[in-house]
There are 2 protein chains.
Amino acid sequence: MEVKIRQVVNEDLLRERQKCTFDKEELTNLLDGGSDKTQSRRELTEFFISDKSLKDDVPPEYLSHKEKYEEAVRKSCLILKKIKDWESQSNNGGSAELFQSILGGMLGSAMLSDGVPFALHHVMFIPAVLGQGTLKQQAYWVSRAWNVEIMCTYAQTELGHGTFIRGLETTAHYDPRTEEFILHSPTLTSYKWWPGGLGHTANYALVMAQLYTNGQCHGIHPFIVQLRDEDTHMPLPGIKIGEIGAKLGMNATNNGYLGFDHVRIPRDHMLMKHAQVLKVDGTYIKSLSDKLTYGTMIFVRVSLIKGVAVSNLAKAVTIATRYSAVRRQSEMKPGEREPQIIDYKTQQHKIFPNLATAIAMTITSNWLWNVYSDVTSQLEAGNLDSLPELHAMSCCLKALCTFEAARGIEECRKSCGGHGYMTCSKLPTVYGLVTAAETYEGENTVLYLQTARYLMKLWHQVKSGEKMPYTAKYLESGLPSKSIPWKNTLTNLVEGFNHVAAGLIQTASDSLDRLVASGKSPEHAWNESSLRLVQCAEAHSRAFLVMIFSDYVTNVKVSPPLKTILTRLCELFAVSNLLRNLGHFLMYSSTRASDVDGLLQWQESLLADIRPNAVSIVDSFDICDEILDSPLGSYDGNVYERLLEEANKSPLNAEPVNVSFYKYLKPFLKSNM
Amino acid sequence: MEVKIRQVVNEDLLRERQKCTFDKEELTNLLDGGSDKTQSRRELTEFFISDKSLKDDVPPEYLSHKEKYEEAVRKSCLILKKIKDWESQSNNGGSAELFQSILGGMLGSAMLSDGVPFALHHVMFIPAVLGQGTLKQQAYWVSRAWNVEIMCTYAQTELGHGTFIRGLETTAHYDPRTEEFILHSPTLTSYKWWPGGLGHTANYALVMAQLYTNGQCHGIHPFIVQLRDEDTHMPLPGIKIGEIGAKLGMNATNNGYLGFDHVRIPRDHMLMKHAQVLKVDGTYIKSLSDKLTYGTMIFVRVSLIKGVAVSNLAKAVTIATRYSAVRRQSEMKPGEREPQIIDYKTQQHKIFPNLATAIAMTITSNWLWNVYSDVTSQLEAGNLDSLPELHAMSCCLKALCTFEAARGIEECRKSCGGHGYMTCSKLPTVYGLVTAAETYEGENTVLYLQTARYLMKLWHQVKSGEKMPYTAKYLESGLPSKSIPWKNTLTNLVEGFNHVAAGLIQTASDSLDRLVASGKSPEHAWNESSLRLVQCAEAHSRAFLVMIFSDYVTNVKVSPPLKTILTRLCELFAVSNLLRNLGHFLMYSSTRASDVDGLLQWQESLLADIRPNAVSIVDSFDICDEILDSPLGSYDGNVYERLLEEANKSPLNAEPVNVSFYKYLKPFLKSNM
């Protein structure tokens, strides 16, 4: 049946927007990092979303797995062409950030909601060649890749190894007679497994393999390997290749597997900016510093926080908030009109803390991005001092932000009831994108343990009176006395989070000491204490988010109404996090059991404070309907019309009677069982 | 490429099984409820899984949405036929439980992993007619439905109303001139939305609608409506029908929408066991008791706990445990072999508490099932006394069990790293099934609030000295004194959970009192206090799970080795739940901050205690490979071979070069951008 979408905005949403007490554009600019950035983001968005050839006739969820891939290749080619058009039109030149924002960010997810088979070409291959290739190698490969004469991917993870990179099994033996490397997969578990675009898309890959020369293993090094013929796309001899199959999400990324049967490549296909293998006798010349490759890892994690965690959480919160303002259900008072579900305290508690989290993460990721740029400049000047701190922060913040975003998205999805379970709501897709990031680019538990190792080192240093770096300054002040009364203030909250982190760091360190003192090996003690170590790293990153958010709202120059909103959001972020980690606060901060009722009341009143502006705050995220693409979250709030409109896109609904009735059901019903 | 699966069991799994200290068959029988039940379950399973026509050539995740549905109809017909064969073979007669166990339980999910379009015919329609139809109506409709001459569904939820049943908008007006009801959808939001099988499968539906006679509304009543022609399957005049579209999971259930345009049905299509509309003048005769219909709701929730929450959590834990025993990664000690990841404390902590939860829920759902049977007999004898208690328990236990199962499944999935993200691991599918149950048959927050209302009543009664029912006996003993020292014993844990529940009930009640005293209306106070009310209902159900599990392991007659295992699992269940809710324990139980280190150490040592038997415990769940259907969790542990085998089932891998290369990629790469 045909549905007509009303051209008017839902009256409840209209009323919500009339209640707005602040300037939405001011908040949008703030979150974008300036009004110029808002403008260029809007122009870029308009350039892409106005293109009808990038729209789906049939939503991808109705296609077969194979059709999804084919459609993604079609669109990816169009998008890359459009990027070039955009560059020449705007005289912008090509920047890797542009590709990343289009392929990986909000805009990309609007055009290719199920992932992009070409993504690693720009996001991993080109940066890796720039970072690890000689000038000559860069000139050749980056030029071919930049002009998209070849399509490349980055192949590191194997079937048997992801986290433990040193355990990768693919080998590259140097043969000085022919001046070639021989790439080989000695076991089934050594097959490359997961690289995006590897299945049927890329014809070249940067392959990470164990380098052997003169019978000696020198560890993991990068090799450019041709996988498929440039004309026929047929896999080259010795290349065993395919896709790894369907996944929870991102089914258009064409993740692939790859096995080598003694595949020979020229010597100069090993990237040799850092380490080298000499032509004649295969002598190995070592890299000066291993730390230089840390830069890329940190870059990817910092990007993930904004590009994946923040942007998807912002989408989910926008959908849930608008839907909750439109949806009316039950009776609060007998005889009265059914209330908007956003007026239920439980609903506010499912959504508003996540709204606050999205903003906390935006501000933190902006901060992290600035620090990353500073540290990169220092690195180029040969100064590695800030690297361990940045590395530690990028680990635990990536872990916390992807976890909290995924958790928050599911909370928002469930807050939309059954309708949130529908694919067209986009909430399942958004979750699929974010939960993947809890695992890739460093599994979250592993990352927390890396931060914990850094924190254990700091703890020993602070005990011997050393000065702490910025992000762990709080360790210098020690643990609080329980006799200091708790106060419901932001300053006090920030302190409380620091005290909890310090307390948990101490607990983890004490456990290590106790176990070693009882005769356990340090490795055993580490494993035995690892639950505590993870906890302290998590608390450290949580404290950091609270501190950065609080500093920001204290110092930012904005209009008073916006300042009030940001302050309430910061307080809600901190209080709701406190209450979710109440045990640690009762143990390590000055919070006492008798303070808890006051904290609960504070949370209840903060939810009420945010309630009137909730719709306007998500409006300020400025996610247009084409990008949000959710009947539950559309700007006009015509939820039910749009849901029916979406249902009618199902190919099953194109015919009144499905063929299975004639083939199976009718014979069965008439069979007189 | 071809993969050969080794016929031998992975050596790590072999070693795990050799370490087993208990009789696995004894545990299997215990969980099944007797060795006879184990045997009949195995016979039934074998009867179905040995049928090759029920196996997939291509896994459903590679099919289009339409193909998934068509394949599900084909298989559903075969399965229903086989059920009849089984009945006549086993002389069993037809039982609704049999249909439910096959269509809804583990076996059903093995044959139709994406849901069953016929499920509501047996699980909802027939029971509803039996419960609400007159004897004459039962004779006619149940006979037609039982012989599957017609295919039926149950249509209650609408686009605009799910939770609030009184708000349903579909109308049924009695027309005494023609002795007919006129079914009508006055608004878009009154469209039925969600019923399984409604889209293209059913030709009849039991429709819940607002009954109007003589101009008066009498509330929601059930009407049997023919939707489609029995021969052509074409929608009848005035019936607007289709499916609602793709979802996060269960894409073969064919959930549908349904709108009526003044559709007339005979008077005797209203089910009239309880309420009646007289033929001549449309006089309405009221039902004697509303409470009688509670029975079905309770039945469905009790069934959900075992059929959905427990069985899927058990699957996820089986997969994660076996995979973690096979997977080796990183170095614990430099130079040593990479450890099985199950030896990492963090990994144990992700999996073992969920293992314990699966067993806690099995035992509790068995208990609940017995109580349900008792109460049903009492109801039939006219005794309604136990109904409120059973209703309250079924609400909060459904909420807690579906939530904890969903949370646990996601934890298990993430514990399998990237490979858990693959559809073939089955972990995403299993999550999709369970998270749906967090919303349907009573949204979890709404259910908690129903239990909370019951608890608030009890709290007032206990304060005036009344005796408490079994499940709230703990309220009689009041709150503990902080001066009693905490002991790490199971008895003390059970008490602690009771104290927390009692403390939170008191806090919620105090908040209500405070707000009412300050002049708020009771409804406002209820909403303002609802976060606390949800918390107390959740704590009440958690305390109940701990108590039932603890009683069980204390009293069960089993061999000493099995008793030890069950006790450790019960302790782990309680301790890990305590640590996840530490704040409440520090506030309301005798746990003090100084006890926490001891609790952490207890948890660490329980994880170590369970470690040697972990694989054998999940083996005892006795989920055969055909039902588990996961390369990560197969009994033989040939994880990597099976992953590659699964990948090669992808239709994309059937051709070395995909058509998109010729159509899009090659022209693009050669275009000299």
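Order of the sequence lines sets the chain letters (A, B, ...), proteins ahead of strands, with each chain counted from 1. What you see below is based on every heavy atom in this structure, not just the backbone, and it leaves out hydrogens, waters and symmetry mates.
Of all non-hydrogen atoms in Tyr640(B) and Thr189(A), the two that sit nearest each other are CD1-CG2, 3.4 Å. The shortest heavy-atom contact between Arg228(B) and Pro656(A) is NH1-O, 2.9 Å. In plain terms, the two heavy atoms of Met422(A) and Ile244(B) that are nearest each other are CE-O, 2.9 Å. Between Gly418(A) and Trp194(B), the closest heavy-atom pair is O-CZ2, 2.9 Å. Gly162(B) and Arg327(A) make their closest contact through N-NH2, 3.7 Å (heavy atoms, listed as atom of the first residue, atom of the second, distance). Between Asn527(A) and Asp343(B), the shortest heavy-atom contact is ND2-O, 3.0 Å.
The residue among Phe118(B), Tyr344(B), Tyr69(B) with the most heavy atom pairs within less than 4.5 Å of chain A is Tyr69(B). Ranking Glu70(B), Gln329(B), Glu410(B) against chain A, the residue ahead of the rest is Gln329(B), based on heavy-atom pairs under 4.5 Å. Options Thr346(B), Asn444(B), Leu582(B) differ in how many heavy-atom pairs under 4.5 Å they form with chain A, and the most are formed by Thr346(B). Top candidate by heavy-atom pairs under 4.5 Å with chain A, chosen from His524(B), Glu646(B), His419(B), Glu230(B), is His419(B). Of the listed residues (Gly583(B), Gly242(B), Ala593(B)), the greatest number of heavy-atom pairs within a distance under 4.5 Å of chain A belongs to Gly583(B). The choice from Thr163(B), Thr232(B), Asp231(B), Val596(B) that makes the most heavy-atom pairs within less than 4.5 Å of chain A is Asp231(B).
Note that OG of Ser650(A) and CG of Asn251(B) are 9.5 Å apart. Values are rounded to the nearest 0.5 Å.
With respect to the salt-bridge test (charged N to carboxylate O, under 4.0 angstrom), the residues Glu604(A) and Arg532(B) qualify. We find that Lys670(A) and Glu149(B) are not joined by a salt bridge, their nearest charged nitrogen and carboxylate oxygen being 4.0 Å or further apart. Looking at Arg166(A) and Glu331(B), a side-chain N of the basic residue comes within less than 4.0 Å of a carboxylate O on the acidic one, giving a salt bridge. Between Lys350(B) and Glu443(A) there is a salt bridge, since at least one side-chain N of the basic residue sits less than 4.0 Å from a carboxylate O of the acidic one.
Between Tyr421(A) and Met250(B), the closest side-chain pair of non-hydrogen atoms falls below 4.5 Å. Side chains of Leu159(A) and Leu643(B) form a contact here, defined as non-hydrogen atoms less than 4.5 Å apart. No side-chain heavy atom of His233(A) sits under 4.5 Å from any side-chain heavy atom of Lys666(B). Side-chain contact between Leu665(A) and Thr201(B) is present, with heavy atoms from C-beta onward closer than 4.5 Å. A 4.5 Å side-chain heavy-atom check between Arg413(B) and Leu248(A) finds at least one atom pair inside the cut-off. Leu188(B) is listed as a side-chain neighbour of Glu641(A), based on a closest heavy-atom distance under 4.5 Å. Side-chain contact check for His349(A) versus Val534(B): every heavy-atom pair is 4.5 Å or farther apart. Counting heavy atoms from C-beta on, the side chains of Lys414(B) and Thr445(A) never come closer than 4.5 Å.
Only the side chain of Thr439(B) comes within contact range of chain A, judged by heavy atoms closer than 4.5 Å. Looking at Phe661(B), only its side chain comes within 4.5 Å of chain A, counting heavy atoms on both sides. For a residue to count as touching a neighbouring chain, one of its non-hydrogen atoms must lie under 4.5 Å from one of that chain's; by this rule Tyr448(B) does not touch chain A. Residue Pro59(B) does not touch chain A at all, counting heavy-atom pairs closer than 4.5 Å. With a threshold of 4.5 angstrom between heavy atoms, Leu607(B) approaches chain A through side-chain atoms but not through N, CA, C or O. For Trp193(B), the part lying near chain A is the side chain, with the backbone staying farther off; criterion is any non-hydrogen pair under 4.5 Å.
No side-chain donor-acceptor contact under 3.5 Å links Ser64(A) to the backbone of Leu63(B).
With sequence neighbours excluded, no residue forms a salt bridge (Lys or Arg N to Asp or Glu O under 4.0 Å) with Asp510(B). Taking Pro651(A) as the reference, Val58(A), Tyr62(A), Lys66(B) meet the side chain to side chain contact (heavy atoms under 4.5 Å, CB included) condition, with sequence neighbours excluded.
Between the side chains of Glu243(B) and Asn653(A), no donor-acceptor pair is found at a separation under 3.5 Å. Side-chain atoms of Tyr257(B) and Asn648(A) include a donor-acceptor pair closer than 3.5 Å. If you check the side chains of His161(B) and Glu338(A), you find a donor sitting under 3.5 Å from an acceptor.
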